[in-house]
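Written below as C-alpha coordinates is the structure these notes are about.
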Amino acid sequence: SQTIHQWPATLVQPVGSPLSLECTVEGTSNPNLYWYRQAAGRGLQLLFYSVGIGQISSEVPQNLSASRPQDRQFILSSKKLLLSDSGFYLCAWSVSGGWYEQYFGPGTRLTVT
Amino acid sequence: AQSVSQHNHHVILSEAASLELGCNYSYGGTVNLFWYVQYPGQHLQLLLKYFSGDPLVKGIKGFEAEFIKSKFSFNLRKPSVQWSDTAEYFCAVTPAGGYQKVTFGTGTKLQVIP
(Lines give C-alpha, C1' and ligand atoms only; values in the text may rest on other atoms or scores of the structure.)
Protein backbone atom coordinates (compact mmCIF):
# COMPACT_ATOMS: atom_id res chain seq x y z
CA SER A 1 0.00 0.00 0.00
CA GLN A 2 1.00 3.58 -0.47
CA THR A 3 2.41 5.69 2.33
CA ILE A 4 3.35 9.34 2.49
CA HIS A 5 5.86 10.73 4.97
CA GLN A 6 6.60 14.27 5.97
CA TRP A 7 9.25 15.60 8.27
CA PRO A 8 9.77 17.25 10.53
CA ALA A 9 6.40 17.17 12.25
CA THR A 10 7.00 20.49 13.94
CA LEU A 11 9.56 23.18 13.38
CA VAL A 12 10.35 26.48 15.05
CA GLN A 13 12.64 28.73 13.05
CA PRO A 14 13.75 32.35 13.42
CA VAL A 15 12.96 34.96 10.82
CA GLY A 16 15.58 35.00 8.09
CA SER A 17 16.63 31.39 8.51
CA PRO A 18 16.39 28.83 5.70
CA LEU A 19 13.77 26.13 5.47
CA SER A 20 13.65 22.63 4.09
CA LEU A 21 10.60 20.41 4.47
CA GLU A 22 10.68 16.97 2.96
CA CYS A 23 7.97 14.68 1.68
CA THR A 24 8.39 11.16 0.38
CA VAL A 25 5.90 8.70 -1.02
CA GLU A 26 6.19 4.93 -0.96
CA GLY A 27 4.35 2.28 -2.89
CA THR A 28 3.60 4.13 -6.11
CA SER A 29 5.49 5.35 -9.16
CA ASN A 30 5.39 8.66 -10.97
CA PRO A 31 2.84 10.25 -8.65
CA ASN A 32 1.66 13.81 -8.89
CA LEU A 33 2.94 15.65 -5.84
CA TYR A 34 1.55 18.71 -4.12
CA TRP A 35 2.41 21.18 -1.39
CA TYR A 36 -0.43 22.94 0.41
CA ARG A 37 -0.59 25.40 3.26
CA GLN A 38 -3.53 25.07 5.59
CA ALA A 39 -4.57 28.14 7.55
CA ALA A 40 -7.43 28.25 10.03
CA GLY A 41 -10.60 29.45 8.36
CA ARG A 42 -8.94 29.64 4.96
CA GLY A 43 -8.90 26.06 3.84
CA LEU A 44 -6.08 24.60 1.80
CA GLN A 45 -4.00 26.84 -0.39
CA LEU A 46 -2.12 25.07 -3.17
CA LEU A 47 1.49 26.22 -3.24
CA PHE A 48 3.21 23.94 -5.74
CA TYR A 49 2.52 20.82 -7.74
CA SER A 50 4.69 18.49 -9.75
CA VAL A 51 3.89 15.95 -12.44
CA GLY A 52 7.42 14.59 -12.70
CA ILE A 53 11.05 14.91 -11.68
CA GLY A 54 12.22 18.47 -12.05
CA GLN A 55 8.77 19.68 -13.13
CA ILE A 56 7.40 22.22 -10.69
CA SER A 57 4.43 24.53 -11.09
CA SER A 58 3.97 27.41 -8.69
CA GLU A 59 0.51 28.56 -7.82
CA VAL A 60 1.25 31.45 -5.51
CA PRO A 61 4.24 33.80 -5.83
CA GLN A 62 5.88 33.96 -2.46
CA ASN A 63 8.94 33.35 -0.39
CA LEU A 64 8.93 29.60 -0.98
CA SER A 65 10.21 27.24 -3.64
CA ALA A 66 9.83 23.53 -4.34
CA SER A 67 11.96 20.87 -5.91
CA ARG A 68 11.51 17.26 -6.93
CA PRO A 69 14.93 15.66 -7.11
CA GLN A 70 13.58 12.11 -7.23
CA ASP A 71 10.35 10.54 -8.44
CA ARG A 72 8.84 10.19 -4.99
CA GLN A 73 10.52 13.05 -3.16
CA PHE A 74 9.19 16.58 -2.92
CA ILE A 75 10.94 19.34 -1.02
CA LEU A 76 9.65 22.72 0.09
CA SER A 77 12.31 25.34 0.71
CA SER A 78 12.96 28.91 1.58
CA LYS A 79 16.18 30.88 1.68
CA LYS A 80 14.92 33.35 4.27
CA LEU A 81 11.78 32.74 6.29
CA LEU A 82 9.27 35.46 7.00
CA LEU A 83 6.83 35.62 9.90
CA SER A 84 4.02 35.16 7.40
CA ASP A 85 5.43 31.76 6.43
CA SER A 86 4.16 30.29 9.69
CA GLY A 87 1.49 27.69 9.12
CA PHE A 88 0.64 24.06 8.62
CA TYR A 89 2.18 22.56 5.49
CA LEU A 90 0.70 19.51 3.87
CA CYS A 91 2.19 17.30 1.21
CA ALA A 92 -0.10 15.19 -0.93
CA TRP A 93 0.09 12.79 -3.85
CA SER A 94 -2.29 11.50 -6.46
CA VAL A 95 -2.02 9.08 -9.32
CA SER A 96 -0.51 10.56 -12.45
CA GLY A 97 -2.61 11.74 -15.33
CA GLY A 98 -5.07 14.01 -13.59
CA TRP A 99 -6.24 15.70 -10.47
CA TYR A 100 -8.01 12.76 -8.92
CA GLU A 101 -8.38 12.11 -5.23
CA GLN A 102 -5.38 13.16 -3.25
CA TYR A 103 -3.70 11.44 -0.34
CA PHE A 104 -2.29 13.66 2.33
CA GLY A 105 0.65 13.39 4.65
CA PRO A 106 0.60 14.18 8.37
CA GLY A 107 1.77 17.75 7.85
CA THR A 108 4.45 20.01 9.32
CA ARG A 109 3.61 22.76 11.78
CA LEU A 110 6.01 25.62 11.09
CA THR A 111 6.34 28.51 13.49
CA VAL A 112 8.55 31.40 12.47
CA THR A 113 9.63 33.52 15.42
CA ALA B 1 -11.33 29.28 -12.66
CA GLN B 2 -13.48 27.31 -10.30
CA SER B 3 -14.36 28.25 -6.74
CA VAL B 4 -15.94 26.48 -3.77
CA SER B 5 -18.08 27.89 -0.98
CA GLN B 6 -18.78 26.23 2.33
CA HIS B 7 -21.24 28.44 4.11
CA ASN B 8 -21.13 26.79 7.52
CA HIS B 9 -17.85 27.49 9.25
CA HIS B 10 -18.67 25.93 12.60
CA VAL B 11 -21.51 23.51 13.31
CA ILE B 12 -22.41 22.12 16.72
CA LEU B 13 -24.75 19.14 16.97
CA SER B 14 -25.85 16.71 19.60
CA GLU B 15 -25.29 13.02 19.06
CA ALA B 16 -27.98 11.37 16.92
CA ALA B 17 -28.85 14.64 15.22
CA SER B 18 -28.89 14.74 11.44
CA LEU B 19 -26.15 16.53 9.57
CA GLU B 20 -26.08 18.47 6.36
CA LEU B 21 -23.06 20.52 5.37
CA GLY B 22 -23.42 22.80 2.41
CA CYS B 23 -21.02 23.00 -0.51
CA ASN B 24 -21.54 25.10 -3.62
CA TYR B 25 -19.14 25.46 -6.47
CA SER B 26 -18.73 27.82 -9.35
CA TYR B 27 -17.69 26.36 -12.70
CA GLY B 28 -19.42 26.21 -16.05
CA GLY B 29 -18.40 22.72 -17.12
CA THR B 30 -18.30 19.16 -15.89
CA VAL B 31 -16.69 18.67 -12.51
CA ASN B 32 -15.33 16.08 -10.14
CA LEU B 33 -16.32 16.65 -6.53
CA PHE B 34 -14.84 15.52 -3.24
CA TRP B 35 -15.39 15.67 0.47
CA TYR B 36 -12.37 15.32 2.70
CA VAL B 37 -12.32 14.99 6.47
CA GLN B 38 -9.66 15.79 9.03
CA TYR B 39 -10.21 14.18 12.41
CA PRO B 40 -8.33 15.73 15.34
CA GLY B 41 -4.68 14.75 15.14
CA GLN B 42 -5.10 12.75 11.94
CA HIS B 43 -4.30 13.12 8.26
CA LEU B 44 -6.71 14.79 5.91
CA GLN B 45 -8.47 11.89 4.18
CA LEU B 46 -11.01 11.32 1.44
CA LEU B 47 -14.56 10.83 2.66
CA LEU B 48 -16.27 10.41 -0.70
CA LYS B 49 -16.07 11.49 -4.31
CA TYR B 50 -18.25 12.05 -7.34
CA PHE B 51 -16.95 11.65 -10.88
CA SER B 52 -20.02 10.63 -12.86
CA GLY B 53 -23.13 8.45 -12.71
CA ASP B 54 -25.48 8.28 -9.74
CA PRO B 55 -25.51 11.76 -8.19
CA LEU B 56 -26.01 10.26 -4.75
CA VAL B 57 -22.68 8.94 -3.57
CA LYS B 58 -21.94 7.07 -0.41
CA GLY B 59 -18.72 7.29 1.52
CA ILE B 60 -17.14 5.91 4.61
CA LYS B 61 -18.72 5.95 8.06
CA GLY B 62 -22.28 6.40 6.84
CA PHE B 63 -21.75 9.69 5.04
CA GLU B 64 -23.34 10.47 1.71
CA ALA B 65 -23.45 13.44 -0.62
CA GLU B 66 -25.78 14.45 -3.40
CA PHE B 67 -24.64 16.23 -6.52
CA ILE B 68 -27.33 18.60 -7.78
CA LYS B 69 -26.04 19.99 -11.03
CA SER B 70 -28.74 22.63 -11.39
CA LYS B 71 -27.84 24.06 -8.01
CA PHE B 72 -24.07 23.62 -8.36
CA SER B 73 -24.18 21.90 -5.01
CA PHE B 74 -22.63 18.85 -3.39
CA ASN B 75 -23.96 18.77 0.15
CA LEU B 76 -22.72 16.24 2.68
CA ARG B 77 -25.24 14.38 4.83
CA LYS B 78 -25.41 11.89 7.64
CA PRO B 79 -28.68 10.80 9.24
CA SER B 80 -27.31 10.42 12.77
CA VAL B 81 -23.98 11.83 13.89
CA GLN B 82 -21.73 10.39 16.53
CA TRP B 83 -19.21 12.03 18.81
CA SER B 84 -16.48 10.45 16.68
CA ASP B 85 -17.64 12.53 13.70
CA THR B 86 -16.16 15.61 15.33
CA ALA B 87 -13.76 16.84 12.67
CA GLU B 88 -13.19 19.45 10.01
CA TYR B 89 -14.78 18.78 6.64
CA PHE B 90 -13.57 20.16 3.33
CA CYS B 91 -15.38 20.21 0.02
CA ALA B 92 -13.25 20.26 -3.14
CA VAL B 93 -13.85 20.54 -6.87
CA THR B 94 -11.84 20.03 -10.03
CA PRO B 95 -12.86 20.34 -13.67
CA ALA B 96 -13.31 16.88 -15.11
CA GLY B 97 -11.27 15.37 -17.87
CA GLY B 98 -8.27 17.61 -17.92
CA TYR B 99 -5.29 18.45 -15.87
CA GLN B 100 -6.65 21.26 -13.75
CA LYS B 101 -6.07 21.82 -10.09
CA VAL B 102 -8.35 20.93 -7.24
CA THR B 103 -9.86 23.84 -5.38
CA PHE B 104 -10.76 23.37 -1.72
CA GLY B 105 -13.38 25.13 0.32
CA THR B 106 -12.53 26.87 3.57
CA GLY B 107 -13.78 23.96 5.64
CA THR B 108 -16.51 23.36 8.21
CA LYS B 109 -15.68 22.43 11.76
CA LEU B 110 -18.20 19.99 13.15
CA GLN B 111 -18.44 19.52 16.89
CA VAL B 112 -20.67 16.71 18.12
CA ILE B 113 -21.70 16.92 21.74
CA PRO B 114 -22.28 13.61 23.55
Side-chain angles (χ1 to χ4, degrees), chain A residues 1-7 9-10 23-28 30-52 55-61 66 74 87-109, chain B residues 1-11 21-25 27 29-52 57 59-60 65 74 87-110:
Chain A
S1 63
Q2 300 87 2
T3 308
I4 179 168
H5 302 280
Q6 281 186 251
W7 64 90
T10 60
C23 170
T24 59
V25 180
E26 297 177 354
T28 187
N30 194 33
N32 293 341
L33 295 172
Y34 312 86
W35 278 112
Y36 288 90
R37 180 163 54 204
Q38 184 179 8
R42 297 180 61 185
L44 276 70
Q45 179 187 34
L46 179 65
L47 303 175
F48 302 94
Y49 67 91
S50 171
V51 301
Q55 301 178 64
I56 308 295
S57 295
S58 174
E59 286 296 306
V60 182
F74 205 24
F88 191 56
Y89 290 85
L90 288 169
C91 181
W93 74 272
S94 70
V95 297
S96 63
W99 291 73
Y100 304 115
E101 59 263 43
Q102 297 178 27
Y103 302 92
F104 288 84
T108 295
R109 175 72 62 188
Chain B
Q2 68 272 24
S3 65
V4 180
S5 295
Q6 290 183 248
H7 308 295
N8 310 106
H9 299 295
H10 195 182
V11 173
L21 301 182
C23 173
N24 288 91
Y25 68 93
Y27 184 73
T30 305
V31 293
N32 296 328
L33 295 155
F34 310 85
W35 276 98
Y36 287 85
V37 60
Q38 189 170 33
Y39 297 104
Q42 296 189 26
H43 299 202
L44 192 65
Q45 60 185 283
L46 183 70
L47 194 57
L48 49 78
K49 63 187 178 186
Y50 172 80
F51 283 1
S52 64
V57 294
I60 60 173
F74 190 55
E88 190 161 16
Y89 294 81
F90 294 90
C91 182
V93 62
T94 181
Y99 196 85
Q100 299 184 62
K101 68 176 183 179
V102 173
T103 299
F104 285 82
T106 53
T108 297
K109 287 188 178 179
L110 171 65

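Given the structure is predicted, the values throughout are model-derived calculations rather than measurements. The chains referred to below are lettered A, B, ... by the order of the sequence lines, with proteins before strands, and numbering in each begins at 1.
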Heavy-atom distances under 4.5 Å only: say whether A:Q45 touches chain B with side chain, backbone, both or neither. neither
In A:Y36, A:F104, A:Y103, the residue satisfying ring-ring contact (aromatic ring centres under 6.0 Å, His included) with B:Y36 is A:F104
Under 4.5 Å to a heavy atom of chain A? For B:Q38 that would be side chain
What are the two closest non-hydrogen atoms of B:H43 and A:P106, and how far apart are they? NE2-CB, 3.4 Å
Where on B:Q42 is there a heavy atom nearer than 4.5 Å to chain A: the side chain, the backbone, both, or neither? neither
Examine whether an atom of B:L46 lies under 4.5 Å from a heavy atom of chain A, and if so say whether it belongs to the side chain, the backbone or both; otherwise answer neither. side chain
Quick one: ring-ring contact (aromatic ring centres under 6.0 Å, His included) partners of B:Y89, sequence neighbours excluded? B:F63
